[in-house]
Structures are given as C-alpha cells and as structure tokens.
Amino acid sequence: MAVTTSNKLVDEGAGPARPAPFVGDVCSPTSLLMLVLLSELLAVAYTVLLSGVRQFDFLLLAYASLFLLWGTLGAAALLCRLRGVFARLGTARSAGLSFIVCLLWVALLSVSCQMILSATGNEGIAGLDWWWILDSLVLATIIIGISLRYIYLGQQLRERQQSALNARLDALQSRIRPHFLFNTLNSISSLIVVDPQRAEQAVEDLAALFRANLSGSQKRVSWSEERALCQSYLRIEQNRLADRLQVDWQETASHSPVRVPSLILQPLLENAILHGIQRLPGGGTLHVQVVHRDGMITVEIRNPCPPLAARGAGNGQGGNNIRQRLEALYGSRASLQMHSAEDYFVARLNLPTTGPAGEVAP
C-alpha cells in the first residue's frame with residue numbers, strides 16, 4: 001500500500017545540554033552501598049589502630065561505625081538536597097561548597113556526639129572534648145579532600161568517556177549517501193514539469209532526512225517522528241523506482257509515549273531496497289511489521305532479493321553500525337537479527353521503550 005503520512009517534524013527544544021552536577025548521584029543505591037562499605041572499613045581500621053587485633057574493642061568499633069555512618073550518609077543526603085544548586089555552579093564552586101557542607105556536617109555531628117556523651121556521663125566525660133572534635137575535623141578534612149579529588153577525577157573520566165561515545169555514535173549513525181542525494185535530485189528535476197506537487201513533497205522529504213542527519217546521533221525522537229522519517233525516505237525511493245517498489249506497513253497501536261534513537265530504522269529500509277528490491281527487474285513489496293508489546297518495539301522488515309548466487313558479497317557494515325549504536329545506547333536490552341534465505345531477507349529490530357535507568361527514554 002502507499003505510505004501516506006506527514007513528514008513535517010518538530011525539532012526538540014531541549015537546548016544545550018546542562019553539565020552533570022560535580023558530586024554526581026551520591027544517593028543512588030550503588031553509591032550508598034559504597035559509602036556504607038567504606039565507612040565500615042574505616043571504622044575497622046580505626047579500631048585496629050587504637051586497640052590492636054589481639055585486644056580488638058568491639059564497643060569502640062560500634063561507636064566508630066555509628067559515627068562514620070552518620071557522617072557519610074548525612075553528608076550524602078545534604079549533597080543530594082543541594083544537587084540543584086550544584087547544577088548551576090561551576091566545578092570549582094561546586095567543589096568548594098561540597099567541602100564546606102561536609103565539614104560543617106562533621107563539626108555538627110562531632111559536637112552533638114560530645115554533648116550526648118557528656119549528658120549521659122558515659123566514660124566519665126563531663127564536658128566537650130574540643131581536642132577530640134579538632135581531631136575529627138582534621139581527619140574529616142583529609143578524607144573529604146581525598147574524596148573530592150576522587151570525584152573530580154571521576155567526573156573528568158566520565159566527560160571524556162561521554163565525548164568519546166558521542167563521537168563514536170556520530171560516526172556510526174547512518175549518513176545520506178552521495179548517490180542517494182544525486183538520484184533524489186534527478187527524480188525531483190524530472191517531477192517538476194510533470195507533477196509539481198510530488199516534486200515539492202520530495203523536496204520536503206529530503207529536507208526532513210537532512211535535518212535528522214544533522215541533529216546528532218544522541219537525539220531521541222518520538223516513534224511517530226521516526227516512522228515519519230522512514231516514510232519520507234520510502235516516498236523518495238518510490239519516486240525513483242515507481243511501481244517497482246510497493247510498501248506494506250503494518251503496525252499495532254501504541255498507547256504509551258515511546259522515544260527511540262533518530263534514524264535507527266532508516267538504514268535497514270535502505271539496505272532492503274538497495275540490495276534487494278532495486279536489484280530485481282520487477283521490483284517487489286517491502287513488508288514492514290511493527291509490534292508494541294511488553295515494553296519493547298519489534299520491527300520486522302522483509303524484502304525479496306535476488307538468489308543467493310547472484311547477490312555478491314556484502315560487508316554488512318550497515319548492520320554492524322546499528323548493532324554498535326544499540327549496544328552503546330541500550331547495552332544488551334536491544335538487538336538486531338538478520339536472516340537470509342534463497343529469495344528473501346529479514347531484519348528484526350528489538351528496541352526497549354525505556355531508557356538506561358528504567359524511565360521512558362528522554
């Protein structure tokens with residue numbers, strides 16, 4: 001059937017990406033687990049230094065563990081509450097504010113512990129031990145400084161990895177081939193006289209594809225926009241191949257908003273047309289079946305193709321590029337399978353409808 005849909009896409013107004021806060025997500029389950037483990041290791045080390053292994057003081061271990069857990073988890077909670085403030089500050093100011101907040105929290109905790117011990121008369125403490133409080137602040141200064149340095153190095157590593165990933169995804173994203181551009185322009189020039197309306201539609205379709213290619217490989221679009229891009233491409237190829245290319249697009253209704261990487265499906269359609277239908281004298285029908293089910297989008301593309309002996313060897317670069325993009329964006333939750341038979345070829349793309357953290361993909 002003929003593909004009829006609007007190709008006028010709305011660009012995302014996300015604006016420039018805001019850098020991640022300097023402290024990161026210290027309240028995530030993984031970060032909290034690491035804080036608890038490090039606190040306990042420090043408590044054990046402190047107890048061993050004071051009492052030794054032979055006369056290990058479990059009561060001192062309990063006090064040290066309680067103090068360190070309150071200190072680390074309380075500081076993490078404060079930093080999480082201030083993430084919005086950190087997001088508006090530079091790295092240096094965020095680091096300085098983090099240091100001050102953590103040190104003030106340790107000072108408040110140290111004074112509170114001394115007041116509690118003094119009020120209960122524990123171990124004969126009658127007043128505040130300012131020297132112990134000063135010792136705690138000196139140790140906290142060293143630990144916080146080392147931690148902030150570690151956080152800074154981790155942030156720099158994440159930024160370099162993200163830059164490398166962005167460059168990799170840009171390289172892997174399908175680009176408009178020169179031959180496709182020339183063929184499209186030739187089709188438009190031939191349509192201007194005989195069918196100006198179709199020529200205008202072809203220009204709009206080509207502009208939509210160029211806009212999507214220039215938007216970057218990290219852009220995620222709604223499924224309806226991705227489908228419109230694919231159908232813009234199919235209309236351009238139908239102008240060139242005429243009746244030799246028929247499209248049968250079947251899709252189950254989706255009742256939830258879904259976002260997918262831009263131009264993740266178009267290279268598969270291009271592969272089906274260039275290496276399949278275009279090489280057949282009589283052309284053929286391109287079958288596209290889209291199923292939304294159980295948090296996944298499954299797209300199956302089936303096309304006729306020449307016999308195996310007449311196909312020639314392909315390098316499979318398009319499929320490999322898509323697999324690498326999927327791995328970089330989704331890990332093992334997305335997949336691309338391809339199956340070749342004597343007279344047809346099938347590509348099946350599985351995409352999750354949620355992002356890496358389990359939310360709807362942004």
Side-chain angles (χ1 to χ4, degrees), residues 1-5 7 172-174 177 179-180 183 205 209 212 221 223-254 258 260-327 330 333-353:
M1 66 176 179
V3 181
T4 57
T5 186
N7 68 305
L172 292 175
Q173 185 181 20
S174 174
R177 298 175 299 105
H179 289 298
F180 169 73
N183 291 335
D205 290 336
L209 289 174
V221 299
W223 171 249
S224 60
E225 291 178 347
E226 177 68 9
R227 179 179 56 203
L229 274 176
C230 293
Q231 293 173 344
S232 295
Y233 170 76
L234 291 174
R235 278 195 298 268
I236 290 175
E237 294 290 28
Q238 284 180 318
N239 289 332
R240 182 172 65 91
L241 298 176
D243 294 337
R244 293 176 58 203
L245 173 61
Q246 301 296 322
V247 178
D248 178 20
W249 188 295
Q250 299 180 6
E251 181 173 353
T252 61
S254 176
V258 176
V260 297
S262 179
L263 287 179
I264 197 68
L265 184 59
Q266 182 267 339
L268 296 177
L269 299 174
E270 183 177 10
N271 181 74
I273 294 174
L274 292 182
H275 301 290
I277 295 175
Q278 176 179 284
R279 301 181 63 181
L280 295 173
T285 301
L286 178 65
H287 300 275
V288 181
Q289 185 175 18
V290 184
V291 178
H292 301 260
R293 182 173 54 204
D294 299 331
M296 297 288 294
I297 300 178
T298 300
V299 183
E300 183 176 288
I301 301 174
R302 182 187 179 103
N303 63 274
C305 55
L308 290 173
R311 290 181 198 175
N315 57 14
Q317 187 64 35
N320 292 333
N321 286 351
I322 294 177
R323 290 189 181 95
Q324 292 182 45
R325 285 188 69 194
L326 293 177
E327 181 180 359
Y330 296 104
R333 297 190 298 134
S335 62
L336 172 65
Q337 295 95 29
M338 294 183 174
H339 172 64
S340 178
E342 179 64 28
D343 58 351
Y344 68 89
F345 187 86
V346 176
R348 183 177 291 104
L349 177 67
N350 296 298
L351 285 174
T353 59

| message | Closer than 3.5 angstrom, by distance alone: can the side chain of Arg323 be matched with the main-chain N or O of Leu336 as a donor-acceptor pair? | response | yes
Are any non-hydrogen side-chain atoms of [X] and [Y] less than 4.5 angstrom apart?
X	Y	answer
Thr252	Arg293	no
Asn350	Leu326	no
Thr285	Pro304	no
Leu234	Ile273	yes
Pro306	Leu280	yes
Asn303	Asn271	no

| remark: Output for pair (Phe345 CZ, Arg302 CZ), nearest 0.5 Å, gives 12.0 Å
| field | Glu237 CD to Asp205 CG distance, which is reported to the nearest 0.5 Å | value | 11.5 Å
| field | Pair Gln278, Arg240: side-chain N/O donor-acceptor within cut-off below 3.5 Å | value | yes
| field | Pair His292, Glu251: side-chain N/O donor-acceptor within cut-off below 3.5 Å | value | yes
| said: Checking Arg348 now: which residues fulfil salt bridge (charged side-chain N to carboxylate O under 4.0 Å, His left out) with it, not counting sequence neighbours? | reply: Glu300
Measure across [X] and [Y] and return the closest heavy-atom pair with its distance rounded to 0.1 Å.
X	Y	value
Trp223	Leu265	CH2-CD2, 3.9 Å
Cys230	Gln266	SG-N, 3.9 Å
Ala272	Leu286	CB-CD1, 3.7 Å

| said: Out of the candidates Glu225, Glu226, Arg227, Gln231, only one should pair with Leu229 under the side-chain contact (heavy atoms from CB on, under 4.5 Å) rule; please name it. | reply: Glu226
